[in-house]
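What you see below is based on every heavy atom in this structure, not just the backbone, and it leaves out hydrogens, waters and symmetry mates. Just so it is clear, the model here is predicted, and its values are computed rather than measured. All chains are named by letter (A, B, ...) in the order of the sequence lines, taking the proteins before the strands, and each is independently numbered beginning at 1.
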Amino acid sequence: MKAPMPVYLTTPIYYVNDKPHIGHAYTSLATDVLARWHRLAGEEVYFLTGTDEHGQKVEKAAQDAGQDPQAFTDRVSQAFRDLTGAMNLSNDGFIRTTEPRHRAACQALWQRLAEKGEIYLGAYEGWYAVRDEAFYGPDELTERDGVKYAPSGAPVEWVREPSYFFRLSAWGDKLLKFYEDNPDFIQPATRRNEVMAFVKSGLTDLSISRTSFRWGVPVPGDDAHVMYVWMDALTNYITALGYPDEKAELWRFWPADVHMVGKDIVRFHAIYWPAFLMAADLPPPRRVFAHGWWTNEGQKISKSVGNVIDPLALVQEFGLDPVRYFLLREVPFGQDGDFSRAALTNRLNGELADALGNLANRVLSLIQRNCEGKLPGVARSDADSAGLFGAFLDPLESRMAQRLEKMEFHLALEAIFEAVREANGYITREAPWALKKTDPVRMLAVLRNLHDALRVFATLLQPFMPDTMARLLDQLGVPEEARSLSSLATPLPEGLALPTPAPLFQKIQNPA
RNA sequence: GGUGGUGUAGCUCAGCUGGUUAGAGCACGGCACUCAUAAUGCCGGGGUCGGCGGUUCAAGUCCGCCCACCACUACCA
């Protein structure tokens, strides 16, 4: 057995000034499925998620709440820790930027960059909106009654403050070469094009500190400054592995295999982050994958419209695994997609309950009734099953692996359901309930083949629907230790006693 | 404005380097079956492949123009 390759997967750290919404759940879920898949394949995985807790907005919100910032973030970050349980995320670590280890890592990285001459003190000035915690260009502003407003509607004021800068402008060519040498670094390709076009248009130095607020990591040697946004936030990915201690136990997981991000923060992950790392002589991550956004019943989601989707409410209504399944099945990962109750109901009823759930139930019921609940011996002899196995079941694992490698979650699931459809065709053609009288030996073979098919489906679907597939594997009599990908090669023993089957999925009765 | 992309059956989309009657899932209609969560299977209707022009023996598939929509266009998680 070869040594398992360490796999490091991350979500962004989520800003605690917001409540968890479907976007957070979506990013985390996709990463979770990948993590579970790699573990199922016997690889060693570190899956990290966490919260971003610094910044002026948090400082202000804490002040408004009459709490000190640490107590405030202790409270509001809880919602994100709760999300991991509610979505059944299998994260190995959860990092908060307010932890001492993160302060140490940020300061160490800063110092290293400073020593290498990548940081200098300058001044930042521009039109600033306190509410947005952001600067705006003059052409973005509108003026009413002598007051200038940002596109967000927030009033802006001209501010000038000293700031440390990172020499990002010097990294353009090196970044472009890095993108050329690593064509898969930014995915999907459309995001890569955007990033490269952006870099080609020329980079300016990046302001990486602020003096206008205190809630952040102090800049080493200059207590008047705290680190600003990305210098702080991005560093979390190496903090969690023990940086700056490159002898730390987890450090072998670096560089990250995938930073999963929403498309809004691609640039920071694909430009700033590799630049910081290369400047510090650290290897950049292998891949940044940007997924798309959800709309809600065709409408763009926004807080002002009030159509934000609460993942916990969804799970409450439809069940966790159907939601997990739907989010990754409905839309090509990387593209935008629409969430609708009709679509979710359709997937849940049609694919999960009718196609897969019903197949499992009919097969297991037949075995229960006609085989005294004991698993028939391995068959695979008849001509029809040769097609089922040869064209669908045997290639399924590698088909999924290939698609998941490319983050094609929806195609990976589609491959499963092509096989499920074929299995439904097989049972109808063979009609084991009729074979009982005409050819009982063949009936046993057919039922065994179908049981084998279900075992394949259940095993491969575990990363997507961990709880439900555990139930199915229980019903199939598959022992806990025989649920990995490699265990599929070992047939279950003839005569294995199977428990009484029960429906796996509950259908939505009155589709909207 | 610039850059990149999309426009194929009612809906969501596949269609690699141009080549026999343009495909899938869902939805819809008919038939079969009854082991199963009134589930499943089979058959079928339905498309001027955004528009115009061009290259070619041959174009959804290449070129030009036009129309519509989307993304990105700097320091906001």
Roughly how many Å is it from [atom1] in [X] to [atom2] in [N], rounded to a whole number?
X: A:Leu206; N: B:C75; atom1: CG; atom2: P; value: 10 Å
X: A:Tyr228; N: B:A74; atom1: OH; atom2: C1'; value: 12 Å
X: A:Phe339; N: B:C11; atom1: CZ; atom2: P; value: 22 Å
X: A:Asp205; N: B:A74; atom1: CG; atom2: P; value: 17 Å
X: A:Trp215; N: B:A77; atom1: CH2; atom2: C1'; value: 16 Å
X: A:Phe417; N: B:A14; atom1: CZ; atom2: C1'; value: 19 Å
X: A:Asp232; N: B:C76; atom1: CG; atom2: C1'; value: 15 Å
X: A:His24; N: B:A77; atom1: NE2; atom2: C1'; value: 7 Å

- Indicate whether OP1 or OP2 belonging to B:A71 is found under 4.0 Å from a side-chain N or O atom of A:Trp293.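 Indeed not, no polar side-chain atom of A:Trp293 lies that close.
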- Message: Under 4.0 Å from OP1 or OP2 of B:G41: is there any side-chain N or O of A:Tyr426 that close?
- Response: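 No, because none of the side-chain N or O atoms of A:Tyr426 sits under 4.0 Å from OP1 or OP2 of B:G41.
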- Task: Pull out every stem in RNA chain B, meaning runs of 3 or more consecutive Watson-Crick or G-U wobble pairs with both distances under 3.5 Å.
- Result: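 Output for stems: B:1-7 with B:67-73, B:10-13 with B:23-26, B:28-32 with B:40-44, B:50-54 with B:62-66.
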- Starting from the C-alpha separation in whole Å, work towards a yes-or-no answer on side chain to side chain donor-acceptor pair (under 3.5 Å) for A:Asp82 and A:Gln78. CA-CA 6 Å; A:Asp82 292 345; A:Gln78 187 59 44; 2.8 Å; yes
Please give the distance between the [atom1] atoms of [N] and [M] as a whole number of Å.
N: B:C35; M: B:C49; atom1: P; value: 48 Å
N: B:U6; M: B:G44; atom1: P; value: 33 Å
N: B:C67; M: B:G50; atom1: C1'; value: 8 Å
N: B:G19; M: B:C11; atom1: C1'; value: 31 Å
N: B:A27; M: B:C62; atom1: C1'; value: 36 Å
N: B:G5; M: B:U17; atom1: P; value: 14 Å
N: B:U55; M: B:C63; atom1: C1'; value: 7 Å
N: B:C42; M: B:G4; atom1: C1'; value: 46 Å

Which atom pair, heavy atoms only, marks the closest approach of [X] to [Y]?
X: A:Met227; Y: A:Asp232; answer: CB-CB, 4.5 Å
X: A:Ala419; Y: A:Leu396; answer: CB-CD2, 4.1 Å
X: A:Ile119; Y: A:Tyr164; answer: CG2-CD2, 3.8 Å

- Centre of A:Phe289's six-membered ring, under 6.0 Å away, within 45 degrees of the axis: is that where NZ or CZ of A:Arg191 sits?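 Here A:Arg191 fails the 6.0 Å and 45° test against A:Phe289.
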- Message: Please identify which of these residues, A:Arg287, A:Lys406, A:His291, A:Arg192, meets the side-chain hydrogen bond (donor to acceptor under 3.5 Å, both in side chains) condition with A:Gln187.
- Response: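 Among A:Arg287, A:Lys406, A:His291, A:Arg192, the one that satisfies the side-chain hydrogen bond (donor to acceptor under 3.5 Å, both in side chains) with A:Gln187 is A:Arg287.
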- Task: For A:Gly202, report the nucleic acid contact type (base, sugar-phosphate, nothing); a contact means any heavy atom under 4.0 Å.
- Result: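 Base: the residue A:Gly202, judged by heavy atoms under 4.0 Å, touches a nucleobase.
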- Pick base, sugar-phosphate or nothing for A:Phe198, based on heavy-atom distances below 4.0 Å to the nucleic acid.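 Base: the residue A:Phe198, judged by heavy atoms under 4.0 Å, touches a nucleobase.
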- Can we call the ring centroids of A:Tyr26 and A:Phe409 under 6.0 Å apart?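 Judged by ring-centre distance (under 6.0 Å), A:Tyr26 and A:Phe409 do not meet the cut-off.
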- Item | Centroid-centroid distance, A:His269 to A:Tyr237, less than 6.0 Å |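 Centroid separation for A:His269 and A:Tyr237: below 6.0 Å.
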- Query: Between A:Val195 and A:Ile265, which is nearer to the 5' end of RNA chain B once each is assigned its nearest nucleotide?
  - Reply: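 Per heavy-atom nearest nucleotide, the more 5' residue is A:Val195.
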- Message: What does the B/S/- profile of nucleotides 29-37 of chain B look like, 5' to 3', with a 4.0 Å heavy-atom cutoff to protein?
- Response: -----SBBB
- Message: Counting only heavy atoms from other residues, nucleotides and ligands, does the tally under 6.0 Å from NZ of A:Lys300 exceed 12?
- Response: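 Counting other residues, nucleotides and ligands, NZ of A:Lys300 stays at 12 neighbours or fewer.
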- Item | Salt bridge present between A:Arg96 and A:Asp52 (N-O < 4.0 angstrom) |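 No, no charged N to carboxylate O under 4.0 Å.
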- Any ion pair linking A:Arg160 and A:Glu125 (charged N to carboxylate O, less than 4.0 Å)?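 Looking at A:Arg160 together with A:Glu125, the answer is yes, because their closest N to O distance falls below 4.0 Å.
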- Query: With A:Ser169, which residues qualify under side-chain contact (heavy atoms from CB on, under 4.5 Å), at least two apart?
  - Reply: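 A:Ser169 satisfies side-chain contact (heavy atoms from CB on, under 4.5 Å) with A:Asp205 once adjacent residues are dropped.
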- Item | Nearest-0.5 Å distance that lies between atom CZ in A:Phe326 and atom OG in A:Ser340 |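 The distance works out to 5.5 Å.
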- Task: Not counting sequence neighbours, list each pair that qualifies as a salt bridge (Lys or Arg N to Asp or Glu O under 4.0 Å) and has a residue in residues 12-29 of chain A.
- Result: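 As it turns out, the salt bridge (Lys or Arg N to Asp or Glu O under 4.0 Å) pairs with a partner in residues 12-29 of chain A, which skip direct neighbours, are A:Asp18-A:Lys303.
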- Per the atom types in the model, does the base of B:C76 pair as donor or acceptor with the side chain of A:Tyr15 at under 3.5 Å?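 Checked by distance alone, the answer is no.
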Please produce a list of atom pairs where a protein N or O lies less than 3.5 Å from an N or O of nucleotides 1-4 of chain B.
none

- Message: Out of the candidates A:Trp215, A:Tyr15, A:Trp230, only one should pair with A:His54 under the ring pair (Phe, Tyr, Trp, His ring centres under 6.0 Å) rule; please name it.
- Response: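 When ring pair (Phe, Tyr, Trp, His ring centres under 6.0 Å) is applied between A:His54 and each of A:Trp215, A:Tyr15, A:Trp230, only A:Trp215 qualifies.
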- side-chain contact (heavy atoms from CB on, under 4.5 Å) partner of A:Met443, chosen from A:Lys437, A:Lys436, A:Arg448: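 Passing option: A:Lys436.
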Under 3.5 Å between N/O atoms: give me all the protein pairs with nucleotides 22-26 of chain B, atom names plus distance.
unit_1	atom_1	unit_2	atom_2	d
B:C26	O2'	A:Asn346	ND2	2.8

